[in-house]
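Reading through the C-alpha cells given below for one structure.
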Amino acid sequence: MSFDLLGLSDELLKAVSEAGYETPTPIQKQAIPPVLMGQDVLGIAQTGTGKTASFVLPMLDVLAQGRSRARMPRSLILEPTRELAAQVAENFEKYGKYQNLTMALIIGGVSFSDQIKLLDKGVDVLIATPGRLLDQFERGNVMLTGVDIFVIDEADRMMDMGFIPDVERIGTLMAQRHQTLFFSATMPPAIKRLTDKFLNDPKVVEVARPAQTATNVKQYCMSVGPRDKREALRDILNDDPDATAIIFCNRKRDVSVLEGSLKKHGFSAGQLHGDMDQPARTAMLEKFRSGDVKILAASDVAARGLDVAAVSLVVNFDVPMHPDDYVHRIGRTGRAGRSGKAITFVSRSDEENWEDVIKLIKVDVEKMERSGAKPARAKKTDKTEKTADKPARRSRKSQDEKAEAVPAAPRKTGATKAASRRPARKEETVVGLGDHVPDFLKVPPR
Ligand code: AMP
C-alpha cells in the first residue's frame, strides 16, 4: 500500500516522499484515515513504529482548514519530556514544510517570552509538557477552549512520571467537543481508566501487542556479578568498536559513575540524565546524534523515546525496575527498520526484575557468555594487559579498583582507535534544541 491511498493532501505526499518514506507503517495505515475523518483514536504502539507521523500527518491536513485565534491554540500535543516534544516539533517542520501552519512549544529550556508572543498571535499547534503548560495557563498566557485536536502521547510514561493528575486537569480545560488522539505503548489499568474518560468511541489501533518488543532487535542476557559489570561492558564495546550505544542504568548517580569510568578507559562516552540542565542535555544529544560521542550512559527518563537512527546497541547495565521500561529501552535500537542488539546484565539483585521482564515480553532471551571471560586461574600477564585492546581478566577486586584509578588521559583502546578511524556521522533529524534550533523558533513573532 502506498501513502497515496490514505487520503492525504498533495503537499503532504510531497513532504513524505522527500522524507524518503515509500510505504506507510502499520500504525500509519490504520490511524491516518480515522484521524482525517475526525474520529478519536487509541493507538497502542511503541516508539519506532512510525507513530509520530501517524498523528502529525493527518493533523497537518485537518488544521489546513480554519484560522487560529490569539492565545487559543487549535491543537494541543502533550509529551512527557522536552526531548520528545522537540522531536514532535521537528516532525511538524519536516512534514509541514509546504503548509503554512504556526507552532509554539512550551517546554523547559525554550524561551517562554518568544513562545508567548507566538501564542498571542495565535498558533495552530501547541506542543507542551503538562507541568509547563499548566504554569502558562495559570498565568493567563494560553487558553485551551479553542483546541479541536488533543493528542496525548506516551501516556504510560506520563503515568510513570506522575503527570496523570496534570493531564486530567488539562482535559477539563478544553471545550466539550474536540477530537482526542491517545497513544501509549502499554495499557495498565490507570491508563485504561484515562482512555475511558477521554475517548469517545475511539478507533483502536494496536500495532504490536502491549509491551511487545521489536522483532528486529536481537536480545541477549548475560549473567554478570555487580562488580564485574563495568568490565563486561568494556569487553562488549571492544568487541563491537563501531557500535553507537546507549547504556541504561537505573540510578542517575550510576550514570555519572559509568560515564567517568568509560572515559577513563578511553571510550568516547557521554551521559544523559534528568538532573542535568537543559543546555547540557541538548548539547549531549547533539554530540551523540552527530557521532562525536559514541556511547551514551543514560537514565530512563532522559532517554525515553529518543530517536537516533544510528543506535546499534543497547546495554541494560541494570535490569529496569519497571518491566515496561525494558521495552522502551531496547526500542532505542533497531530504529526505522534497521537491526539492533540489546544486551541485559543480570546480577543476582537483578533477577527478580528480570523475571518480571520475561513475563511481560514473553520472549526466550538468549544467554550470552562474556567474551573476555577467562578461567579463574588464568596466568598473570599484567604488563601486556595494560596495553592490550581487550585486557585479560584480573581478580575482580583489583581489576575494578584499577578501572577507577586509570589516569584521566584516555588510553587508546579498540574503541578510540576505531573512533579515530571513523569520520563523525551526521544525522538528518536533530533531537532536542542544542545548537540546532527548529526554524519556527527562529522566526520572530509577526
Ligand atoms: P516514531 O515511531 O514516530 O518514533 O518513528 C520512528 C522512525 O521511523 C523515525 O525515524 C521516522 O522518521 C521513521 N519513519 C516514520 N514513518 C516512516 C515510514 N513510513 N517509512 C520509513 N520510516 C518511517
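Only a predicted model underlies this, so the values are computations on that prediction, with no experimental measurement involved. Any value given below was found using the heavy atoms of this structure, including those in side chains, with hydrogens, waters and symmetry copies removed. First listed ligand is number 1; within each ligand, the first listed atom is number 1.
Considering backbone and side-chain N/O atoms, Tyr95 never comes within less than 3.5 Å of an N/O atom of ligand 1.
The atoms of ligand 1 that sit less than 4.0 Å from any heavy atom of Thr23 are 18 (C), 19 (N), 20 (N). Taking every heavy atom of Thr49 and a limit of under 4.0 angstrom, the matching atoms of ligand 1 come to 2 (O). Atoms of ligand 1 found under 4.0 Å from any heavy atom of Thr52 (numbered from 1 in listed order, with element): 1 (P), 3 (O), 4 (O). Atoms of ligand 1 found under 4.0 Å from any heavy atom of Thr25, numbered from 1 in the order shown, are 17 (C), 18 (C), 19 (N).
By the criterion of a heavy-atom distance under 4.0 Å, the side chain of Gln28, and not its backbone, is placed next to ligand 1. For Phe3, every heavy-atom contact with ligand 1 shorter than 4.0 Å involves the side chain, none the backbone.
A side-chain N or O of Thr244 and one of Lys294 form a donor-acceptor pair less than 3.5 Å apart. No side-chain donor from either of Asp201 and Gln39 sits under 3.5 Å from a side-chain acceptor of the other.
Using the six-membered ring where Trp is involved, Phe150 and Phe198 have ring planes that are tilted, between 30° and 60° apart.
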Could you give me the CA-CA distance, side-chain angles and deciding distance for Leu119 and Ile106, then say whether side chain to side chain contact (heavy atoms under 4.5 Å, CB included) is met? CA-CA 10 Å; Leu119 279 168; Ile106 298 187; 3.8 Å; yes
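In this structure, Lys218 satisfies the cation-pi test against Tyr220, with its NZ or CZ atom closer than 6.0 Å to the six-membered ring centre and inside 45 degrees of the ring normal. Annotation: cation-pi pair Lys229/Phe345 absent, no NZ/CZ under 6.0 Å from the ring centroid and within 45° of its normal.
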